[in-house]
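In what follows, a structure is listed as structure tokens, so that the remarks can point back to it.
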Amino acid sequence: MLSTDKAFSFEFFPTKTDAGHEKLLQVARQLAVHNPAFFSCTYGAGGSTRDRTLDTVLQLEREVHVPAAPHLSCVGDSKAELRDLLATYRNAGIKRIVALRGDLPSGMGMASSELRHANDLVEFIRTETGDHFHIEVAAYPEMHPQARNFEEDLANFARKAKAGADSAITQYFFNAESYFYFVERVQKLGVDIPIVPGIMPITNYSKLARFSEACGAEIPRWIRKQLEAYHDDAASIQAFGEEVITRMCEQLLKGGAPGLHFYTLNQAQASLAVWQNLGLSR
Ligand code: FAD
């Protein structure tokens, strides 16, 4: 069994319907049994999920009894809007925030954005609320898709740590070496905050391929070819995905990763299967 002195967390997205929301809470209750460090809930850049993200984190804390962290992005929101939201979270007893730049939907202008990069948002949160929040930021072991080059992206990550981030969660990847290399390189820049790998369970190949293309996560050929060969055989995709992700998580934890953050996509089964394979149930 692997050591459990590490932080494990699960991410959700706010749903549009009451039925989806009920299911999210049900999934959260299933995961809560395993005593995660926190749940997080994404935020639609430009404020499109402002109320739903808020409602979701409050319910996760009050009804599921797990500390919940809202994601907060700065593009498309004004400083006044961000200030209000920070005050609401603070007054509600929220202690952790995932601070991001965000990606505006195409066609939505940057006009209302006063903060352009995540390091500006981290600085803003610290100025407005001091040390109240534990601030998480995003990290990209395979480089952010819009970065000009790897070196600049590393330096931009270091800016977020210097602005006051406490820890980071990575974009998902399927190549553990990219994570270890990234951590080593940012440590050489003097960054010593914990960097937790973001883990994407493999359940649906076509969706994963589309999403990975957009966010710059590489699906290695040996994984891609096997998934393609399974076509619509959901059970084989699931079994293979579970094995691949479990092995990678073992490698990450044994190599010193300080925890794992699961992108659940509001489903319990795939994350729980990996969790149980790792022997993490408490
Ligand atoms: P930044 O750190 O600002 O980086 C964005 C780009 O700008 C990079 O290429 C970087 O190199 C460059 N850059 C950074 N700082 C500077 C600077 N000072 N000067 C010049 N260039 C700079 N998106 C959502 O909309 N909602 C969510 O809830 C959400 N949750 C996420 C959770 C995690 C764990 C991760 C990894 C991503 C999440 N995203 C979310 C996606 C994220 O918003 C996008 O990847 C976005 O494109 C970048 O956000 P960032 O915070 O990493 O930006």
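Counting convention: from 1, in listed order, for ligands and their atoms alike. All values below come from the heavy atoms of this structure, side chains included, with hydrogens, waters and symmetry mates left out. None of these values were measured; they are calculated from a predicted model.
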Return a table of donor-acceptor pairs under 3.5 angstrom between the side chains of residues 121-128 and protein atoms on other chains or two or more places apart.
{"unit_1": "R126", "atom_1": "NE", "unit_2": "G164", "atom_2": "O", "d": "3.1"}
{"unit_1": "R126", "atom_1": "NH1", "unit_2": "G130", "atom_2": "O", "d": "3.1"}
{"unit_1": "R126", "atom_1": "NH1", "unit_2": "F133", "atom_2": "O", "d": "2.9"}
{"unit_1": "R126", "atom_1": "NH2", "unit_2": "F133", "atom_2": "O", "d": "3.4"}
{"unit_1": "R126", "atom_1": "NH2", "unit_2": "G164", "atom_2": "O", "d": "2.9"}
{"unit_1": "R126", "atom_1": "NH2", "unit_2": "D166", "atom_2": "OD2", "d": "2.7"}
{"unit_1": "T127", "atom_1": "OG1", "unit_2": "E123", "atom_2": "O", "d": "2.8"}
{"unit_1": "E128", "atom_1": "OE1", "unit_2": "R83", "atom_2": "NE", "d": "3.0"}
{"unit_1": "E128", "atom_1": "OE2", "unit_2": "R83", "atom_2": "NE", "d": "3.3"}
{"unit_1": "E128", "atom_1": "OE2", "unit_2": "R83", "atom_2": "NH2", "d": "3.3"}

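- Between the side chains of T53 and H71, no donor-acceptor pair of N or O atoms lies under 3.5 Å.
- The aromatic rings of F211 and Y172 sit parallel, their planes meeting at an angle under 30°, below the 60° perpendicular limit.
- Ring-plane geometry between Y179 and F173 is classed as parallel, the angle between the planes falling under 30 degrees on a 0 to 90 degree scale with a further cut at 60.
- Applying the salt bridge (charged side-chain N to carboxylate O under 4.0 Å, His left out) rule to pairs touching residues 9-26 yields nothing, sequence neighbours excluded.
- When heavy-atom distances to ligand 1 are checked against 4.0 Å, the residues falling inside are T42, Y43, A45, H71, L100, R101, G102, D103, H117, A118, N119, A138, Y140, H144, Q146, A147, D153, N156, R159, K160, I169, T170, Q171, Y263, ordered by chain and number.
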Review item, side-chain donor-acceptor pairs of residues 215-228, under 3.5 Å, at least two apart:
{"unit_1": "E228", "atom_1": "OE2", "unit_2": "Y205", "atom_2": "OH", "d": "3.1"}

